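The structure under discussion appears below in the form of structure tokens.
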Amino acid sequence: VRSCLMLAVQADGAVIETIESLGDDPDSLHPVQRAFLEHHGLQCGFCTPGLVLTAKALLERNPSPTEEEIREAIAGNVCRCTGYVYIVDSIAAAAKEMSVARREELVDA
Ligand code: FES
């Protein structure tokens with residue numbers, strides 16, 4: 001959700017996930033965080049927390065989004081720096097990495 005469009009009282013009893021809750025250890029970043037880093041998905045970083053959490057939510061409900069679905073999912077996030085190409089690339093890369101990790105988990109199980 002967009003925090004600017006939701007009253008705090010509406011979140012009563014909900015689990016709230018923030019960029020900080022994903023962790024800040026450079027050696028154990030979430031795949032979306034790592035993909036943004038590796039695929040140049042950020043410049044100044046102002047928009048990055050919102051985009052990372054939006055991407056994470058997208059990939060949880062749609063593990064293999066098309067480029068159009070990625071662009072639709074991030075339509076509410078404004079980035080003044082990147083032009084979105086590398087952001088979309090980052091999310092697609094994270095989707096691919098998370099898909100491989102899921103397959104490896106199934107093989108190991
Ligand atoms: Fe600067 Fe998105 S990286 S606003």
Side-chain angles (χ1 to χ4, degrees):
V1 300
R2 295 182 192 110
S3 60
C4 59
L5 298 177
M6 185 172 175
L7 298 174
V9 70
Q10 293 174 283
D12 187 32
V15 173
I16 298 174
E17 189 167 47
T18 66
I19 194 71
E20 290 82 5
S21 68
L22 288 184
D24 58 4
D25 180 354
D27 294 327
S28 61
L29 295 174
H30 185 277
V32 176
Q33 291 175 301
R34 194 169 37 253
F36 269 68
L37 193 60
E38 293 173 354
H39 296 272
H40 313 288
L42 64 126
Q43 288 181 20
C44 80
F46 185 81
C47 68
T48 307
L51 281 162
V52 167
L53 290 172
T54 299
K56 182 178 178 290
L58 167 66
L59 299 180
E60 286 171 355
R61 67 176 187 277
N62 179 0
S64 302
T66 64
E67 179 180 336
E68 184 179 343
E69 290 169 332
I70 293 171
R71 289 187 178 277
E72 184 179 325
I74 64 171
N77 297 70
V78 176
C79 176
R80 294 168 34 157
C81 301
T82 67
Y84 298 92
V85 172
Y86 292 135
I87 291 171
V88 173
D89 290 349
S90 299
I91 296 170
K96 197 174 291 182
E97 181 185 334
M98 292 167 73
S99 171
V100 169
R102 272 191 302 278
R103 264 186 262 131
E104 288 173 358
E105 284 175 14
L106 288 173
V107 169
D108 291 344

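Everything quoted here is computed from the prediction, not taken from an experiment. Just so you know, ligand 1 is whichever comes first in the structure, and atom 1 is the first atom listed for that ligand.
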Take atom [atom1] of [X] as the centre, draw a 6.0 Å sphere, and report whether it contains more than 12 heavy atoms from other residues, nucleotides or ligands.
X: Glu72; atom1: CD; answer: no
X: Glu68; atom1: CD; answer: no
X: Tyr84; atom1: OH; answer: yes

What are the atoms of ligand 1, with element, lying closer than 4.0 Å to any heavy atom of Gly45?
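In order of numbering, the contacting atoms are 1 (Fe), 3 (S).
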For atom 4 (S) of ligand 1, find the nearest protein heavy atom and state the residue, atom name and distance (0.1 Å precision).
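Heavy-atom neighbour on the protein nearest atom 4 (S) of ligand 1: Arg80 N, 3.3 Å.
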Heavy atom of the protein closest to atom 3 (S) of ligand 1 (residue, atom name, distance)
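I find the closest protein heavy atom is Gln43 N, 3.2 Å.
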Is the backbone N or O of Ala95 less than 3.5 Å from a side-chain atom of Ser99, with the two atoms forming a donor-acceptor pair by type?
no
Check: Gly50 main-chain N/O paired with Thr54 side-chain donor or acceptor under 3.5 Å
yes
Is there an N/O/S atom in Cys81 at a distance below 2.8 Å from atom 2 (Fe) of ligand 1?
no
Does the shortest distance from atom 1 (Fe) of ligand 1 to an N/O/S atom of Cys44 fall below 2.8 Å?
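Under 2.8 Å: Cys44 contacts atom 1 (Fe) of ligand 1 through an N, O or S atom.
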